[in-house]
Amino acid sequence: MEKLVVTGGAELNGSISVSGSKNASLPILAATLLTREPCTIRRVPDVSDTNYMLQILRSLGAEVERASGTVTVCAENIHADAPYDLVRKMRASICVMGPLLARLLEARVSLPGGCVIGDRPVDLHLKGLAELGADVSVAGGDIIIKAENGLHGKRVHLFGKHGPTVLGTDNLIMAATLAKGTTIIEEAACEPEVTDLVEFLNRMGAKIHGAGTRTITIEGVGQLHGADHTVIPDRIEAGTFVIAAAMAGKKVTVRRARAEHLESLFTVLRESGYKIDVDGDRITTGRIDNPTGCELITEPYPGFPTDMQAQLTSLFATVPGISVVTEKIFPQRFMHVAELNRMGANIQLEGATAIIKGVKKLSGAPVMASDLRASAALVLAGLCADGETEINRLYHIDRGYEHIDEKLMELGANMRREKA
Ligand code: EPU
């Protein structure tokens, strides 16, 4: 196991480039199961979650090649059983269910277990697939899903207690591409990663309209063919670097970003007083003298993303005044709070709301990463804390950030990986 030791106080300066999106890559890689023909996916980030997905595709029978960011998948002969040992490592493995069902009319995928960011059910995925005509049962910890009479298009509402579901929408779209007739998904997720998946599917010959809105229409087609696709830039990685710049940057430019995907973050930062300059795919920002605290609520896109809540909480920890952060997507996603408090932050949790009283300075401490975004928040805190912050369980951050330490060091950050 590795840990990251961050020595705070170095001023970040310069520019860094954003990698391809992890959360777009995962369903797009799963979608290659929908055709017997080879597909090429470009700018797939080299992170452990995409590597797990490639292992799952191989274990299902696909031939997979990877040369730096370009992945070629040929799923000519595949079977329907996703192995527990791989699936349990990553909840997003659930998104092979839709394509397997569409292509083979059956799938067996382990039921995802508990998760540190809270209860993460898959009821909406199953409800959607059942409405298209699939029979769902659970045996031996696996979801067994079969559509002996084929899948048939229908109008399906996918709204849950906490809003729409991203991977649930993906699963249903993928299943509907090869169904008979037209499927209309109401209350679909409209995250940019869903839109990117739909672009790829349409390149494969699918007929999908309305991606990026709450209503998505899929006209089923007889078969899909191979396609070539470049994954969108990772908006959460870009946002994390923008926050790093706001916390510890002189002048930092984040390159290869899609600024239009980050509007909700810019709104919060500008409200706090930060100046954000956008020039094409480049975003430039830095620290300011008198930021002010503010209020934010996580919401489905285009609202403020839950995947950036921990990093913003880390920023607010040293912003003068009181900030209030409410988590509406995953109400228990606050594992970073206790760790930030160990570094001298003053954050109190009231249910799904964090009340943050900005302190002058954080102080370095040994801390424990609990999930991907929480670990990013601790790295950010370490950048501007006094002394050394030791972030343990680094594998969490390697699940979703491509070489984050190397990229931050390019900007002048002082950090090193060590054996824990
Ligand atoms: N939900 C249900 N029933 C379901 C599915 C979801 O009640 O069947 C609830 C969830 O418990 C949650 C809300 O609906 O309260 C939204 O969850 P969603 O299904 O949208 O999450 P997801 O698709 O499993 C993706 C991202 C997450 C991101 C969420 C929300 C991927 C691989 N994962 O998860 O990313 O937080 O959408 O935007 O795309 C991360 O990258 O760190 C990460 C956790």
Side-chain angles (χ1 to χ4, degrees), residues 19-31 44-45 47-50 52-53 56 87 89-98 109 111-131 136 143 156-174 185 187-197 231-232 234-240 261 264 298-311 327-333 335-336 352 369-377 396-402 404:
S19 300
S21 160
K22 164 185 86 86
N23 286 351
S25 297
L26 294 173
I28 287 173
L29 289 169
V44 175
V47 294
S48 26
D49 274 10
T50 59
Y52 290 140
M53 182 54 84
I56 292 169
V87 169
K89 292 187 177 160
M90 180 179 69
R91 298 185 58 83
S93 323
I94 192 79
C95 64
V96 299
M97 194 164 62
V109 181
L111 194 57
C115 170
V116 71
I117 69 177
D119 187 23
R120 293 181 72 183
V122 291
D123 56 314
L124 295 169
H125 300 234
L126 301 179
K127 169 191 136 125
L129 297 173
E131 294 213 21
V136 181
I143 302 167
V156 182
H157 288 257
L158 267 196
F159 203 70
K161 195 166 67 171
H162 298 293
T165 161
V166 175
L167 292 176
T169 301
D170 291 344
N171 254 331
L172 195 57
I173 292 173
M174 291 191 275
I185 308 178
E187 300 297 349
C190 53
E191 270 64 7
E193 294 76 19
V194 176
T195 307
D196 203 32
L197 168 68
V231 172
I232 52 169
D234 196 308
R235 66 189 166 108
I236 307 300
E237 187 201 15
T240 303
H261 294 163
S264 59
T298 65
E299 281 172 328
Y301 189 82
F304 190 90
T306 170
D307 290 344
M308 238 148 15
Q309 179 262 109
Q311 300 89 314
E327 177 56 70
K328 287 234 291 228
I329 310 290
F330 295 113
Q332 299 165 47
R333 194 177 199 176
M335 301 291 282
H336 45 285
S370 56
D371 78 70
L372 171 59
R373 309 304 171 187
S375 29
H396 284 295
I397 209 160
D398 291 331
R399 295 188 67 148
Y401 286 93
E402 192 174 46
I404 189 171

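Start at 1 and go down the list; that is how both ligands and their atoms are numbered. The residues of the chain are indexed from 1 along the displayed sequence.
The closest donor-acceptor contact from the side chain of Glu299 to the backbone of Tyr301 lies at 3.5 Å or more, if one exists at all. Distance alone, capped at 3.5 Å, is enough to place a donor-acceptor pair between the Asn171 side chain and the Ile94 backbone. One N or O on the side chain of Ser93 and one on the backbone of Val87 form a donor-acceptor pair closer than 3.5 Å. In this structure, Thr306 contributes its side chain and Thr298 its backbone to no donor-acceptor pair below 3.5 Å. One N or O on the side chain of Thr169 and one on the backbone of Ala189 form a donor-acceptor pair closer than 3.5 Å.
Of the options Gly160, Ala24, Pro121, Ser93, the smallest heavy-atom separation from atom 6 (C) of ligand 1 is shown by Pro121. The nearest non-hydrogen atom to atom 25 (C) of ligand 1, considering only Val122, Val166, Leu26, comes from Val166. When the heavy atoms of Arg333, Arg373, Arg91 are ranked by distance to atom 44 (C) of ligand 1, first place goes to Arg333.
Of all the heavy atoms of His125, the ones lying under 4.0 Å from any atom of ligand 1 are found in both the backbone and the side chain. No part of Asp49 comes within 4.0 Å of ligand 1, judged by heavy-atom distances. With a heavy-atom cut-off of 4.0 Å, Thr306 touches ligand 1 through its side chain alone. Residue contacts with ligand 1, taken as heavy atom pairs separated by less than 4.0 Å, do not involve Tyr301 at all. When heavy-atom distances to ligand 1 are checked against a 4.0 Å cut-off, Cys95 has no atom that comes that close, whether in backbone or side chain.
If you number the atoms of ligand 1 from 1 as listed, the ones under 4.0 Å from a heavy atom of Ala92 come out as 32 (C). Listed by number with element, the atoms of ligand 1 under 4.0 Å from a non-hydrogen atom of Lys22 are 40 (C), 41 (O).
Contact between Arg399 and Ser48 at its shortest, heavy atoms only, is CA-OG, 3.2 Å.
Checking only distances, His162 never comes within under 3.5 Å of ligand 1, N or O to N or O. In terms of polar-atom proximity, defined here as any N/O pair under 3.5 Å, Glu191 makes no such contact with ligand 1. By the 3.5 Å distance cut-off applied to N or O atoms, Leu124 is counted among the residues near ligand 1. Taking only nitrogen or oxygen atoms, main chain and side chain alike, Lys161 does not reach within less than 3.5 Å of ligand 1. Of the N or O atoms in Leu372, none lie within a sub-3.5 Å distance of an N or O in ligand 1.
Contact between Pro164 and ligand 1 is present, with at least one heavy atom of the residue lying under 4.0 Å from the ligand.
Counting only heavy atoms from C-beta outward, the side chains of Arg235 and Met308 never approach each other to under 4.5 Å.
For Glu131 and His157, the side-chain atoms include no donor-acceptor pair closer than 3.5 Å.
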- salt bridge (Lys or Arg N to Asp or Glu O under 4.0 Å) between Asp307 and Arg333, intermediate numbers included: CA-CA 10 Å; Asp307 290 344; Arg333 194 177 199 176; 2.8 Å; yes

- Item | Stepwise side chain to side chain contact (heavy atoms under 4.5 Å, CB included) test for Phe330 and His162 | CA-CA 8 Å; Phe330 295 113; His162 298 293; over 6 Å; no

